[in-house]
S.K.: 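One structure, as C-alpha cells, below. Some questions next.
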Amino acid sequence: QVQLQESGPGLVKPSQTLSLTCIVSGGSITTDNYYWTWIRQPPGKGLEWIGYIAYTGSTIYSPSLKSRTSISRDTSKNQLTLQLTSMTPEDTAVYYCAGGAGGNEYDYWGQGTQVTVSS
C-alpha cells in the first residue's frame with residue numbers, strides 16, 4: 001500500500017520560499033512509468049496542478065508557476081520536495097502530493113497540508 005505524507009511549514013511570509021516534503025512509503029518513487037505530482041487548492045477554488053517529477057527524474061511545471069517552482073527527489077530517502085519561491089498571499093492553499101501513471105490519473109494522494117502566506 002503506497003502512502004504519501006506531506007510535511008513542511010504551515011505559515012510562510014511573503015517573499016519567502018516554501019519548502020515541502022512528501023514522504024513516500026510502500027512504493028519506490030523510481031518505479032517505472034510513474035509520476036509524482038504536486039497539486040494545490042486555494043480556499044474556495046478548485047485544484048491547481050503545480051507540476052510533477054517523473055520516474056526518470058524529469059520535471060514538468062505549470063506554465064504559470066514554472067519560473068518559481070522546483071520539484072526534486074531524494075531517491076535514497078524515497079521522498080519528494082517542492083520549492084516555490086517569492087510566495088504571496090495568493091499562494092495560500094492546501095498542498096498535496098500525489099502519484100499516478102499519468103494522464104491526470106492519481107492513484108495515491110497525501111492528506112494535504114495547509115500553507116498560509118501572511119506577514
Side-chain angles (χ1 to χ4, degrees):
Q1 177 65 215
V2 174
Q3 294 182 318
L4 291 78
Q5 176 72 54
E6 303 93 341
S7 65
L11 182 65
V12 179
K13 294 182 178 180
S15 83
Q16 290 188 337
T17 295
L18 172 67
S19 294
L20 294 177
T21 298
C22 176
I23 301 170
V24 180
S25 60
S28 173
I29 60 174
T30 60
T31 296
D32 284 353
N33 303 309
Y34 227 73
Y35 302 81
W36 305 94
T37 302
W38 288 96
I39 301 162
R40 69 181 184 181
Q41 186 169 35
K45 298 183 179 180
L47 297 171
E48 180 183 16
W49 183 80
I50 299 171
Y52 70 74
I53 185 164
Y55 58 100
T56 60
S58 298
T59 54
I60 297 291
Y61 306 124
S62 169
S64 64
L65 298 171
K66 181 167 58 178
S67 67
R68 300 195 289 129
T69 306
S70 178
I71 297 172
S72 59
R73 66 182 184 179
D74 185 334
T75 57
S76 69
K77 297 180 179 180
N78 207 47
Q79 62 187 32
L80 320 168
T81 60
L82 169 68
Q83 291 192 306
L84 186 62
T85 64
S86 302
M87 295 286 283
T88 75
E90 287 69 40
D91 293 312
T92 294
V94 177
Y95 285 74
Y96 301 91
C97 55
N104 287 333
E105 300 173 358
Y106 302 112
D107 300 316
Y108 310 105
W109 290 77
Q111 84 288 348
T113 186
Q114 172 70 45
V115 176
T116 299
V117 184
S118 176
S119 61

S.K.: With a 4.5 Å cut-off on side-chain heavy atoms, are Q114 and T92 touching?
M.R.: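 Yes, at least one pair of side-chain atoms sits under 4.5 Å.
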
S.K.: By the side chain to side chain donor-acceptor pair (under 3.5 Å) test, which pairs, at least two apart or in different chains, include something from residues 17-26?
M.R.: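 Qualifying pairs: S19-Q83.
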
S.K.: Find out whether T88 and P14 are in side-chain contact, i.e. whether some heavy atom of one side chain is under 4.5 Å from a heavy atom of the other.
M.R.: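 Not in contact.
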
S.K.: Where does the angle between the aromatic ring planes of Y106 and W109 fall among parallel (under 30°), tilted (30 to 60°) and perpendicular (over 60°)?
M.R.: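 Rings of Y106 and W109: perpendicular, as their planes differ by over 60°.
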
S.K.: For Y108, give me all partners under side chain to side chain donor-acceptor pair (under 3.5 Å), at least two apart in sequence or on another chain.
M.R.: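 Testing Y108 for side chain to side chain donor-acceptor pair (under 3.5 Å), a comparison that skips the adjacent residues, returns none.
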
S.K.: Would you sort out whether C22 and W38 count as a side chain to side chain contact (heavy atoms under 4.5 Å, CB included), showing the intermediate values?
M.R.: CA-CA 9 Å; C22 176; W38 288 96; 3.6 Å; yes

S.K.: Under a single-linkage definition using a 4.5 Å side-chain heavy-atom cutoff for Ile, Leu, Val, Met, Phe, Trp and Tyr, are L47 and I60 assigned to the same hydrophobic cluster?
M.R.: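 As far as the 4.5 Å side-chain criterion goes, I60 and L47 are connected within one cluster.
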
S.K.: Heavy atoms, side chains only, cut-off 4.5 Å: are R40 and L65 in contact?
M.R.: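 Sidechains of L65 and R40: in contact.
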
S.K.: Let me know which of T113, V115, L18 forms a side chain to side chain contact (heavy atoms under 4.5 Å, CB included) with P9.
M.R.: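 Single pass found, and it is L18.
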
S.K.: If every non-hydrogen atom of P43 is compared with every non-hydrogen atom of A93, which pair is closest and at what distance?
M.R.: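 Closest approach of P43 to A93, heavy atoms only: CD-CA, 4.4 Å.
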
S.K.: What's the spacing between L4 CG and C97 SG if we round to 0.5 Å?
M.R.: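 Atom-to-atom, L4:CG and C97:SG are 4.5 Å apart.
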
S.K.: What pairs with S15 under side chain to side chain contact (heavy atoms under 4.5 Å, CB included), at least two apart in sequence or on another chain?
M.R.: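 Side chain to side chain contact (heavy atoms under 4.5 Å, CB included) list for S15, sorted by chain: empty.
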
S.K.: Determine the minimum heavy-atom distance between G110 and Y96, stating which atoms define it.
M.R.: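 Nearest pair, atom of G110 first, then Y96: O-CD2, 3.7 Å.
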
S.K.: Within the 4.5 Å heavy-atom criterion, are L80 and I29 side-chain neighbours or not?
M.R.: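 With C-beta onward as the side chain, the pair touches.
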
S.K.: Mark yes or no for whether N78, through its side chain, and G27, through its backbone, hold a donor-acceptor pair below 3.5 Å.
M.R.: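 It does hold such a pair.
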
S.K.: Check whether any side-chain N or O of Q111 sits under 3.5 Å from a backbone N or O of Q5 as a donor-acceptor pair, and report yes or no.
M.R.: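 Not at all, since once roles are kept as given, no pair shorter than 3.5 Å links the two residues.
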
S.K.: L20, W36: one ILVMFWY side-chain cluster at the under-4.5 Å cut-off?
M.R.: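 Result: yes, single cluster for both.
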
S.K.: Would you find a donor on one side and an acceptor on the other, under 3.5 Å apart, between the side chain of R68 and the backbone of T85?
M.R.: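 Judged by distance alone, yes, a pair lies under 3.5 Å.
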
S.K.: Using modelled atom types and a 3.5 Å cut-off, is there a donor and acceptor pairing between side-chain atoms of S62 and backbone atoms of G51?
M.R.: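 No, S62 side chain to G51 backbone: no donor-acceptor pair under 3.5 Å.
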
S.K.: Within the side chain of Y61, is there an N or O that forms a donor-acceptor pair under 3.5 Å with the backbone of I71?
M.R.: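 Here the side-chain-to-backbone pair exists.
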
S.K.: Looking at Q79, is its backbone amide N or carbonyl O close enough to the side chain of D74 to form a donor-acceptor pair, meaning the two atoms are under 3.5 Å apart?
M.R.: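 Checked: no pair found.
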
S.K.: Nearest 0.5 Å, what's the OG1-CG distance between T116 and D91?
M.R.: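 Output value for this atom pair is 11.5 Å.
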
S.K.: Side chains of I50 and Y95, heavy atoms from C-beta outward: is any pair under 4.5 Å?
M.R.: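 I50 reaches Y95 side chain to side chain.
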
S.K.: Would T31 and Y55 count as a side chain to side chain contact (heavy atoms under 4.5 Å, CB included) if you check the C-alpha gap in whole Å, the side-chain angles of each, and the deciding distance to 0.1 Å?
M.R.: CA-CA 6 Å; T31 296; Y55 58 100; 5.8 Å; no

S.K.: Grouping I, L, V, M, F, W and Y whenever their side-chain heavy atoms are under 4.5 Å apart, do Y35 and I39 come out in a common cluster?
M.R.: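 Yes, same cluster.
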
S.K.: Any side-chain heavy atom of T30 within less than 4.5 Å of one from R73?
M.R.: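 Of all side-chain heavy-atom pairs linking R73 with T30, at least one is under 4.5 Å.
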
